[in-house]
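Letters A, B, ... mirror the listed sequences (proteins, then strands); counts begin at 1. Because the structure is a prediction, the values reported are computed rather than measured.
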Number of protein chains: 2
Amino acid sequence: MKYDHIKQSLYRKIESGEWPEHHPVSSENKLAEEFSVSRMTARRALQELSDEGLVVRTRGAGTFVAPLKSQSALLTIRNIADEIRLRKHRHHAVVQLLEDVVAEPGLATLLQLPQGARVWHSVITHFENGQAVQVEDRYVNPVLVPDYLKQDFTAHTPHEYLCEVTPLTEASHQIEAVLPSKQQQIWLELAMPEPCLQIQRRTWTREGMVSQAVLTHPGSRFRLGGHMTFNKKQQNKPSL
Amino acid sequence: MKYDHIKQSLYRKIESGEWPEHHPVSSENKLAEEFSVSRMTARRALQELSDEGLVVRTRGAGTFVAPLKSQSALLTIRNIADEIRLRKHRHHAVVQLLEDVVAEPGLATLLQLPQGARVWHSVITHFENGQAVQVEDRYVNPVLVPDYLKQDFTAHTPHEYLCEVTPLTEASHQIEAVLPSKQQQIWLELAMPEPCLQIQRRTWTREGMVSQAVLTHPGSRFRLGGHMTFNKKQQNKPSL
DNA sequence: TAGTGGTCTAGACCACTTT
DNA sequence: AAGTGGTCTAGACCACTAT
């Protein structure tokens, strides 16, 4: 795939910081010549980078590396450890539970397992600079992820592991504000109950549902942020 | 734009339900002939519909209307009134405040107004089947939206009005769990304090920041949900 | 085997921005 | 005036799916 080769080449320039924000990107004609392809092929590479928000194109002016703020979408699947490291803070995890349990009827149905089947269950507290910011209570499909219990989740998070072994194709989220249960309060090392942001996340692969996680964050220590830009496509899209 | 004409034609078939899920869509060659365009142009229409998640394409097999579940993205800008109506519930709004106030220093800076400038301020409670589910506390840029105070926000929400008069290009969100202030508690008709999901949303147009809204929802009456699918592009995208 | 989508070419005309 | 991106054409070859 020639257009992908061009894309990868441009990715590297942008990702490495060699081309900072607003740096001009070679024009369609230049790229076509450099890579010995037709202009339509070079154009496709630039167009896809534009769709992904990495570059901004202006008719008559040229193509430029996009300002960072327009790059990220809201609530892409997040990994708490990455986020903490991104803030240059220390992350560590404590595994509270790692076991197999009988699945509740609703969960068994979701995972397409027979009633009474056993599923993997983990509870992990995540710390940012020594302070508990999330307790992750997760159930995992043993058919799709047989080796889940053998992992060392102080070294890498369940999310990282699941992304490696299964290509996620879908996810759903539910966010609500709750008071923590007594058990959650202990896991979060909260002296007093306080409002918590609770995210339930389910992920799917092509073969079925992989995992359900309930992530509980103390309201005083955690905030979920996001930024989005609207591109032409989203604007034309009917609401349905 | 010929490709857009084809897209609009296909939108109508899908949106109206004339073509249900999995219904076959005309092939590139058929569309090219029907609309008297080259295959590349017909292809572009189908490709964009595919990028938007409205159709699914399989090499060798054809193009088909996508199953509904793969259509919606997470946390697109939401309108509380639409959501309530979508659930077939009754919505009504009570305007608690509609005034101009001196902007706080931070807000004035964000809106690129001089310190001490006045901004529009509205507080509106939204009800679902007679129960308060959101209090919307909003500040609006008077330069970009001069007629804000003249609107009747029991008839249409500020969000609807702002979308009409300004083409939004960007938005940021912050979500947290909090206890409501006494004033919020009154506006939400809460007998007792309870955890609330609070969303701060800022929106921009090309000329600058339009509005800041703080949306507070009682945890017991509101849950934020979302669904997302991962397409090829997102998977190839480097994390940055 | 016929039809489909995926990729690619080598041109073309246009509207727009920059110089 | 020169260069840019936006659109479009009329071909082509390939890998894949359905029959």
Atom-pair distance ([atom1] on [X]; [atom2] on [N]), nearest Å:
X: B/Gln47; N: C/dT4; atom1: CD; atom2: P; value: 16 Å
X: B/Phe35; N: D/dC8; atom1: CZ; atom2: P; value: 13 Å
X: B/Met1; N: D/dC8; atom1: CE; atom2: P; value: 7 Å
X: A/Leu49; N: D/dG5; atom1: CG; atom2: C1'; value: 15 Å
X: A/Asp4; N: C/dT7; atom1: CG; atom2: C1'; value: 12 Å
X: B/Lys7; N: D/dC8; atom1: NZ; atom2: C1'; value: 16 Å
X: A/Glu33; N: D/dG3; atom1: CD; atom2: P; value: 12 Å
X: B/Leu46; N: C/dT7; atom1: CG; atom2: C1'; value: 16 Å

Q. A/Glu18: what forms a side chain to side chain donor-acceptor pair (under 3.5 Å) with it, not counting sequence neighbours?
A. none
Just to verify, what does [X] make a side chain to side chain contact (heavy atoms under 4.5 Å, CB included) with, not counting sequence neighbours?
X: B/Leu110; result: B/Arg202, B/Met209, B/Gln212
X: B/Ser9; result: B/Arg12, B/Phe35
X: A/Glu160; result: A/Asn79, A/Asp82, A/Arg85, A/His156, A/Thr157
X: B/Val102; result: B/Arg118

(Q) Return a single string for nucleotides 14-19 of chain D, one symbol per nucleotide in 5' to 3' order, where B is base contact, S is sugar-phosphate-only contact and - is none, cutoff 4.0 angstrom on heavy atoms. (A) -BBB--
(Q) Under 3.5 Å, is there a donor on one side chain and an acceptor on the other for A/Asn29 and A/Ser27? (A) no
Q: Hey, which sits more toward the 5' end of DNA chain C by its nearest nucleotide, B/Glu28 or A/Tyr3?
A: B/Glu28
Q | Parallel, tilted or perpendicular: rings of B/Phe153 and B/Tyr161 (30°, 60°) | A | perpendicular
Q) Taking only residues two or more places apart in sequence, or in another chain, which ones meet A/His23 in a ring pair (Phe, Tyr, Trp, His ring centres under 6.0 Å)? A) A/Trp19
Q. How is A/Arg43 classified with respect to the nucleic acid when contacts are heavy atoms under 4.0 Å: base, sugar-phosphate, or nothing?
A. base
Q) Quick one: is C/dC8 close enough that its OP1 or OP2 comes under 4.0 Å of any side-chain N or O from A/Arg44? A) no
Hey, what are the protein-to-nucleotides 9-12 of chain C N/O distances that come in under 3.5 Å?
from: C/dT9; atom 1: OP1; to: A/Lys2; atom 2: NZ; distance (Å): 3.1
from: C/dT9; atom 1: OP2; to: A/Ser38; atom 2: N; distance (Å): 2.8
from: C/dT9; atom 1: OP2; to: A/Ser38; atom 2: OG; distance (Å): 3.0
from: C/dT9; atom 1: OP2; to: A/Thr41; atom 2: OG1; distance (Å): 2.7
from: C/dA12; atom 1: N6; to: A/Arg39; atom 2: NH1; distance (Å): 3.0

Table please: side-chain donor-acceptor pairs of residues 58-67 of chain A below 3.5 Å, with sequence neighbours left out.
from: A/Thr63; atom 1: OG1; to: A/Arg57; atom 2: NE; distance (Å): 3.2

